[in-house]
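Data block below; observations after.
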Number of protein chains: 2
Amino acid sequence: MDDDISAPAAQPGETAVPALRRRATLKTVAHAAGVSPALASFALNGKPGVSPEKREEILRAARELGYQPDTLARELRTGKTAVHGLIVRNIANPYFNDVLAGMQEAAFEHDITVLAMDSEYSEDRERRHIRHLAARRVNSLAIAPVGSAHVVQEWLTLRPGARTVLINSSTHLGPGIPRVSPDGGRAVTMAFEHLRALGHQRIGFLTAPEALRSDEDRLTRFVELCREARAEPVVISAELQGAAITTAIVSALRSRPAPTAIITNSDFAAHYVYMAAHELELRIGDDLSIVGHDDLPTSQLLNPSLTTIAVDRRRLGREAFRRLFGAADGDYHGGVSLVARDSTRPPRPQP
Amino acid sequence: MDDDISAPAAQPGETAVPALRRRATLKTVAHAAGVSPALASFALNGKPGVSPEKREEILRAARELGYQPDTLARELRTGKTAVHGLIVRNIANPYFNDVLAGMQEAAFEHDITVLAMDSEYSEDRERRHIRHLAARRVNSLAIAPVGSAHVVQEWLTLRPGARTVLINSSTHLGPGIPRVSPDGGRAVTMAFEHLRALGHQRIGFLTAPEALRSDEDRLTRFVELCREARAEPVVISAELQGAAITTAIVSALRSRPAPTAIITNSDFAAHYVYMAAHELELRIGDDLSIVGHDDLPTSQLLNPSLTTIAVDRRRLGREAFRRLFGAADGDYHGGVSLVARDSTRPPRPQP
DNA sequence: AGCCTGCTCTAAATCGATTTAGAAAGAGTA
DNA sequence: TACTCTTTCTAAATCGATTTAGAGCAGGCT
């Protein structure tokens, strides 16, 4: 099996190719500059103890040979990786997309690679991703864990001392593990008060089933708000994927008395509520009010436009990065604001 | 040099900490099984030439110690990486999101990690990503290149022999570099014929400016179709990001005679046309017809719902993977189909 | 002279795996 | 007995970097 990529090894039938030299290594550079690899390493890493002439010479050689250090070898030796992991629950959700983009943006400035992975709401996949990262000696991980973050515990065992950040999770794992998320309590409160001000009495809250739930805090706050307002909390639990979610919403909307408004934890999930409403021929706004969360770009284009809680998602990504990088610590709770649009209106007078 | 690894070696000043053992290495395993590291390697990799007893012994030791091979070391030694790179033009576009998801899904089955990166329509970032990947010895890359894929040439030089796949690019780089994309010619034709059947005469086509354009083939086909239909092609070029795109669309819609319909290359871009139309107080459907491309989940929820070309994006991701993995070769042109909705209607009779 | 200090520089070890070359032991054959 | 094969195993080299320990030398000081 010939897979030595760097070897010139002109294939018999091949046309004359410009001799593709082997990739330059530190040894090559050192040799070209007439010094030892050790000195070359010092010079290239800006370490002291190298005479100006030699330093000059070495840098020149490196430039001429197009030397690029081998990341693998460096990481193996130093034990430090220039890679940050990011595991999200659903990469198809534009929310996480923007978080990734923000993180990538910040990482780029520091020449760090972000390894993005999708657990698709499965702890199993989460576990495999974590093992993968550990085997790669990644020692910084931002994760939006499924449920109550069991798998993160495994990660902490696998790579003790690794920097870890929880994204959009209500699980608290200790002071060393900061959490980055929008201010969930505020978000629920704003949504709730907005709906109450419009006159809604019976309000639903859409969330994941308990095992997969990662927004316990919001749910708690919601129930609390309902109690204060002497309203009955309608909790709709559904796997936030595929057909399950539509079915659950449809059945909640069919129950009597039906909620006149629903609060969701993402615009993405709100889309499903739209679909369910279409299915039942309910008019959104008039028959059923909906509040989303995230303010995705498409939300204002929906029919009707979606009332939602705006969040700076890229900022979340950047903040996650800063904590992994060691440029910040402690929790970060991003500010939120309500964007009132046409999906929320006063409820129709009940007969 | 103390290399008796199994010894807990309680440091003198250390408090009684639950002995955090070093991660098991091959050497540890070999030592525990009473064999050389070489034999342990053979056994663990299922190579022949190991007696059944020793093999059993080694596997048991590995299991008990929770041995996980170090990916970095393995990759350094063998020169083969279990990583596939993916560079997209805009990871915020749900389109690429799904491509990534599809690729990740397929990769997962083969225990391969996908390194996803976002070039944000910048060749500069593209170049940096490519160098990063090369430094990591990644030898499989799927890329949705910016413009005419100049940077991919550098990649091919940096890692000659690497498997490379172009995603959604009209550039042809040779037989060894397969392309994976929806059938662009068919897509444009379907959109065009749909609009013509409705009675549209003056049709616009939204595309990136020449330097960033990666859908030359579709544009060509569009111009061809116009010529055949004796209609004037209205080409709207704009950077497909931020404010630039809205401005360009607004000015195109203000020109006289204005196009009565616009074909876009993505639903994502169609969103911007919606915004521009709102700005000009044009009613989509009645005053301006729009055909998107991709059929994102939100497209049917827009106001009005978006007529678009449906594409199986996850499939594209899987096909890209298969080519990187060596399970398939040659170009793949995904099937497309028109989904007629409310954003396309007959043009209003011109006064 | 003798000794210490500081500056450059190099040899060699190291990270953790794979792989090559060959050693050791036993079986079969002439 | 001597020789050739097999089979099973190990020592050592290797991938490409970083890092430690220390060599060599010039200059300053007693």
Side-chain angles (χ1 to χ4, degrees), chain A residues 1-7 21-58 61-62 65-82 134-139 159, chain B residues 1-3 5 21-58 61-62 65-82 134-139:
Chain A
M1 175 139 327
D2 178 0
D3 58 16
D4 186 356
I5 295 162
S6 43
R21 265 167 304 140
R22 250 190 138 69
R23 209 178 137 74
T25 72
L26 186 63
K27 208 165 138 194
T28 328
V29 173
H31 190 254
V35 300
S36 72
L39 198 66
S41 173
F42 292 147
L44 290 167
N45 290 309
K47 295 254 172 85
V50 183
S51 67
E53 306 85 56
K54 294 277 181 181
R55 185 181 295 272
E56 176 60 31
E57 186 78 4
I58 291 165
L65 290 168
Y67 170 70
Q68 291 283 123
D70 185 296
T71 314
L72 254 36
R74 169 180 292 167
E75 291 180 350
L76 175 60
R77 177 60 234 242
T78 62
K80 289 180 208 157
T81 48
R136 265 182 195 292
R137 303 190 170 203
V138 170
N139 43 25
R159 301 217 41 82
Chain B
M1 183 77 34
D2 175 3
D3 93 344
I5 295 162
R21 263 170 305 140
R22 261 190 125 67
R23 209 178 135 75
T25 71
L26 188 63
K27 207 165 139 195
T28 328
V29 173
H31 189 254
V35 300
S36 70
L39 197 67
S41 173
F42 292 145
L44 290 166
N45 291 309
K47 296 253 173 84
V50 184
S51 66
E53 305 85 54
K54 295 277 182 182
R55 185 182 296 272
E56 177 60 30
E57 187 79 5
I58 291 166
L65 291 167
Y67 171 70
Q68 291 283 124
D70 185 297
T71 314
L72 254 36
R74 168 181 292 165
E75 289 180 352
L76 174 60
R77 175 60 231 245
T78 63
K80 288 181 206 157
T81 50
R136 265 182 195 292
R137 304 189 168 202
V138 169
N139 43 27

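Every chain is numbered from 1 and lettered A, B, ... according to where its sequence line falls, protein lines coming before strand lines.
- With rounding to the nearest 0.5 Å, the separation of CG in Leu65(B) from CG in Leu26(B) is 11.0 Å.
- Contacts of Arg136(A) classified as salt bridge (Lys or Arg N to Asp or Glu O under 4.0 Å), with partners at least two apart in sequence or in another chain: Glu75(B).
- Nearest heavy atom pair, residue Val138(B) against residue Thr81(B), reads CA-OG1, 3.5 Å.
- Residues passing the side-chain hydrogen bond (donor to acceptor under 3.5 Å, both in side chains) test with Thr71(A), sequence neighbours excluded: none.
- OP1 and OP2 of dC7(C) both lie 4.0 Å or more from every side-chain N or O belonging to Ser51(A).
- Rounded to 10 degrees, the angle separating the terminal helix axes of the helix from dA1(C)-dT30(D) to dA30(C)-dT1(D), each built from five base pairs, is 80°.
- Not counting sequence neighbours, the partners of Ala30(A) by the side-chain contact (heavy atoms from CB on, under 4.5 Å) test are Val35(A), Pro37(A), Ala40(A).
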Considering only distance and modelled atom types, tabulate donor-acceptor pairs under 3.5 Å from the side chains of residues 43-54 of chain B, sequence neighbours left out.
| residue | atom | partner | partner atom | Å |
| --- | --- | --- | --- | --- |
| Asn45(B) | ND2 | Ser41(B) | O | 3.0 |
| Asn45(B) | ND2 | Ser41(B) | OG | 3.4 |
| Ser51(B) | OG | Lys54(B) | N | 3.4 |

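- In this structure, CZ on Arg77(B) lies 13.0 Å from CG on Leu76(A), to the nearest 0.5 angstrom.
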With sugar-phosphate taken as primed atoms, P, OP1 and OP2 and all else as base, the protein-contact string of nucleotides 12-19 of chain D at under 4.0 Å (heavy atoms; B, S, -) is -BBBBBBB
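- Residue Asn139(B) comes nearest to Gly79(B) through the heavy atom pair ND2-O, 3.7 Å, listed as atom of the first residue, atom of the second, then distance.
- Every salt bridge (Lys or Arg N to Asp or Glu O under 4.0 Å) that Arg137(B) has, sequence neighbours left out, goes to Asp70(A).
- A distance of 11.0 Å separates OG1 of Thr25(A) from NE2 of His31(A), quoted to the nearest 0.5 Å.
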Collect all protein-nucleotide pairs involving nucleotides 24-27 of chain C in which both atoms are nitrogen or oxygen and the distance is under 3.5 Å.
none

